[in-house]
Asks: 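Here you go, one structure.
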2 protein chains.
Amino acid sequence: MITNMTARKILDKADIRPSVQRLAVMNYLIEHRNHPTVDDIFSSLSPSMPTLSKTTVYNTLRLLVDGGAAQMLTIQEHNSCFDADTTPHAHFLCKQCGRVFDMNFFDFKDRIPDEVEGHSIEETYQFFKGTCRYCKNKMNKQFKD
Amino acid sequence: MITNMTARKILDKADIRPSVQRLAVMNYLIEHRNHPTVDDIFSSLSPSMPTLSKTTVYNTLRLLVDGGAAQMLTIQEHNSCFDADTTPHAHFLCKQCGRVFDMNFFDFKDRIPDEVEGHSIEETYQFFKGTCRYCKNKMNKQFKD
DNA sequence: GTACGTGCAAAGAATTTGCAGATAA
DNA sequence: TTATCTGCAAATTCTTTGCACGTAC
């Protein structure tokens with residue numbers, strides 16, 4: 001469940017000192033649930049924070065992930081993307097446009113055990129690939145032309 | 001189910017012309033089920049094929065993936081790894097040593113629909129992160145010292 | 001004033017591209 | 001011979017690192 005905590009409260013909870021830059025990145029993640037990449041975040045914030053550097057975005061995201069305030073997704077081949085929603089949910093990658101969408105978690109038939117073949121399971125990911133509804137529409141239109 | 005098809009047969013089936021390099025890469029994947037990276041493959045084959053280039057390994061892997069003869073996994077942050085087993089199974093990434101292990105697929109309570117929120121699902125991935133049995137052993141030993 | 005944060009520039013790593021020579025149908 | 005394949009070198013992209021300056025307690 002996504003709470004209404006402000007960026008400030010989330011940083012406090014994660015024990016991250018709330019600099020202007022960190023608040024901006026956290027706030028961006030809260031307001032943009034479309035799984036932005038480092039570049040997305042940097043490009044969007046840069047106009048209003050001209051001195052912001054990509055290094056700081058990288059630093060901040062690492063802090064957020066380490067502090068449990070965000071999730072890093074490595075679904076895409078080339079770059080990581082980030083998600084302020086750290087609750088269990090699934091992800092869908094469109095093979096056409098490369099966008100990542102949230103999906104509800106699909107229940108497993110049985111509970112995932114803490115340990116499998118001696119390995120301790122700490123995190124569970126579900127993800128799917130296919131064609132998103134927008135690209136399907138686009139492709140349909142092309143056929144009609 | 002993993003079949004006993006030789007590299008040659010798999011390439012034929014995928015309509016990939018069986019050059020020496022392609023057979024070597026395919027065969028490597030068949031014989032090494034530990035999810036090798038491009039570099040693993042290149043470094044291992046290079047001694048016996050001194051003229052082999054990384055470009056060719058990249059080219060070949062792309063052909064194999066496109067032809068359905070191998071799977072590319074983007075679990076790891078920095079590089080992709082490859083798996084000749086294209087049947088449904090889950091993967092486990094050890095956060096300590098970075099190794100990727102196979103796991104049996106966990107059944108979902110319900111069948112995954114072909115379409116969710118308008119998106120067409122074509123591929124389903126399950127993966128887990130945690131500490132593998134080998135790293136757990138190592139950590140236990142350290143505590144005993 | 002000391003520790004922490006920021007951002008530039010450079011380095012590093014993974015992957016892709018362009019292209020010329022080699023190989024195979 | 002003609003299309004395909006290979007592999008070098010260079011380019012590109014993503015990310016990390018080193019370091020000097022700035023900021024905050």
Side-chain angles (χ1 to χ4, degrees), chain A residues 7-8 11-12 14-28 35-67 69-82 93 95 98 100, chain B residues 7-8 11-12 14-28 35-67 69-83 93 98 100:
Chain A
R8 176 60 197 267
L11 291 197
D12 285 349
D15 252 312
I16 297 169
R17 286 171 53 191
S19 72
V20 177
Q21 290 87 339
R22 291 170 180 175
L23 284 168
V25 170
M26 186 70 236
N27 203 52
Y28 186 87
H35 313 90
T37 63
V38 170
D39 210 68
D40 292 333
I41 300 170
F42 175 74
S43 308
S44 303
L45 295 180
S46 195
S48 54
M49 301 183 68
T51 72
L52 181 69
S53 76
K54 231 177 227 186
T55 305
T56 297
V57 177
Y58 275 105
N59 288 340
T60 300
L61 287 168
R62 187 197 322 235
L63 283 178
L64 295 179
V65 171
D66 289 350
Q71 208 180 4
M72 178 169 61
L73 303 175
T74 55
I75 305 181
Q76 306 190 81
E77 195 178 347
H78 294 296
N79 45 28
S80 309
C81 60
F82 295 86
L93 171 69
K95 293 198 278 187
V100 175
Chain B
R8 177 59 198 267
L11 291 196
D12 285 350
D15 253 313
I16 297 169
R17 288 167 56 189
S19 72
V20 178
Q21 291 87 340
R22 291 169 182 177
L23 284 168
V25 170
M26 186 70 235
N27 203 52
Y28 186 87
H35 312 91
T37 63
V38 171
D39 210 69
D40 292 333
I41 300 169
F42 175 75
S43 308
S44 302
L45 296 180
S46 196
S48 54
M49 302 182 70
T51 73
L52 180 69
S53 77
K54 231 177 227 185
T55 305
T56 297
V57 177
Y58 274 105
N59 288 340
T60 300
L61 287 169
R62 189 195 322 233
L63 283 178
L64 295 179
V65 171
D66 289 350
Q71 207 179 5
M72 178 170 60
L73 303 176
T74 55
I75 305 181
Q76 305 191 78
E77 193 177 347
H78 293 295
N79 44 27
S80 309
C81 60
F82 295 85
D83 192 342
L93 171 69
V100 175

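Protein chains get the first letters and strands the later ones, always in sequence-line order, with residue 1 at the start of each.
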Asks: Can you check the A:Tyr58 OH to D:dG18 P distance for me, whole Å?
Replies: 17 Å
Asks: Taking the side chain as every heavy atom from C-beta outward, state whether A:Phe82 and A:Val38 have any pair of such atoms under 4.5 Å apart.
Replies: yes
Asks: Do B:Glu77 and A:Met72 have side-chain heavy atoms sitting under 4.5 Å apart?
Replies: yes
Asks: If I take atom CG in residue B:Leu63 and atom C1' in nucleotide D:dT4, what distance separates them, rounded to the nearest angstrom?
Replies: 11 Å
Asks: Rounding to 10 degrees, work out the angle separating the end axes of the helix from C:dG1-D:dC25 to C:dA25-D:dT1 (five pairs an end).
Replies: 20°
Asks: About how many Å separate CD1 of B:Ile75 and CG of B:Asp83, when rounded to the nearest 0.5 Å?
Replies: 9.0 Å
Asks: Between B:Gln21 and D:dG7, is there a contact of a side-chain N or O with OP1 or OP2 at under 4.0 Å?
Replies: yes
Asks: With 3.5 Å as the limit, what N/O pairs link the protein to nucleotides 21-24 of chain D?
Replies:
none

Asks: Does a side-chain heavy-atom distance below 4.5 Å link B:Val20 with B:Met49?
Replies: yes
Asks: Got a second to check how far B:Ile16's CD1 is from B:Met26's CE, nearest 0.5 Å?
Replies: 8.5 Å
Asks: Extract, from 5' to 3' on DNA chain C, the first and final nucleotides lying under 4.0 angstrom from some heavy atom of chain B.
Replies: C:dA14 to C:dA25
Asks: Contact class for B:Thr51 (heavy atom, under 4.0 Å): base, sugar-phosphate, or nothing?
Replies: sugar-phosphate
Asks: Within a strict 4.5 Å, meaning less than it, do heavy atoms of the A:Lys54 and A:Asp39 side chains meet?
Replies: yes
Asks: Does a distance-only test, which skips hydrogens and angles, find a donor-acceptor pair under 3.5 Å between the side chain of A:Ser80 and the base of D:dC14?
Replies: no
Asks: Could you tell me if the side chain of B:Arg8 sits less than 4.5 Å from the side chain of B:Leu23, heavy atoms only?
Replies: yes
Asks: Using whole Å, report how far CD of A:Glu77 lies from C1' of D:dT12.
Replies: 14 Å
Asks: Closest nucleotide of DNA chain D for A:Arg62 versus for B:Ile16: which of these residues is on the 5' side?
Replies: B:Ile16
Asks: Check the distance between D:dC14's P and A:Leu61's CG and give it to me in whole angstrom.
Replies: 15 Å
Asks: Please report the interatomic distance CG(A:Leu73) to CG(A:Asn79), rounded to the nearest 0.5 Å.
Replies: 11.0 Å
Asks: Could you give the distance from OG (B:Ser46) to CD1 (B:Ile41), rounded to the nearest 0.5 Å?
Replies: 12.5 Å
Asks: Could you tell me whether A:Ser19 contacts a base, only the sugar-phosphate backbone, or nothing, with contacts defined as non-hydrogen atoms closer than 4.0 Å?
Replies: sugar-phosphate
Asks: For B:Asp40 and B:Thr37, which I'm curious about, is there any donor-acceptor pair between the side chains at under 3.5 Å?
Replies: yes
Asks: Measure across B:Val100 and B:Cys81 and return the closest heavy-atom pair with its distance rounded to 0.1 Å.
Replies: CG2-SG, 4.3 Å
Asks: To the side chain of A:Asn79, which of D:dT6, D:dT16, D:dC14 is closest?
Replies: D:dC14
Asks: Rounded to whole Å, please give me the gap between CZ in A:Phe42 and P in D:dT15.
Replies: 14 Å
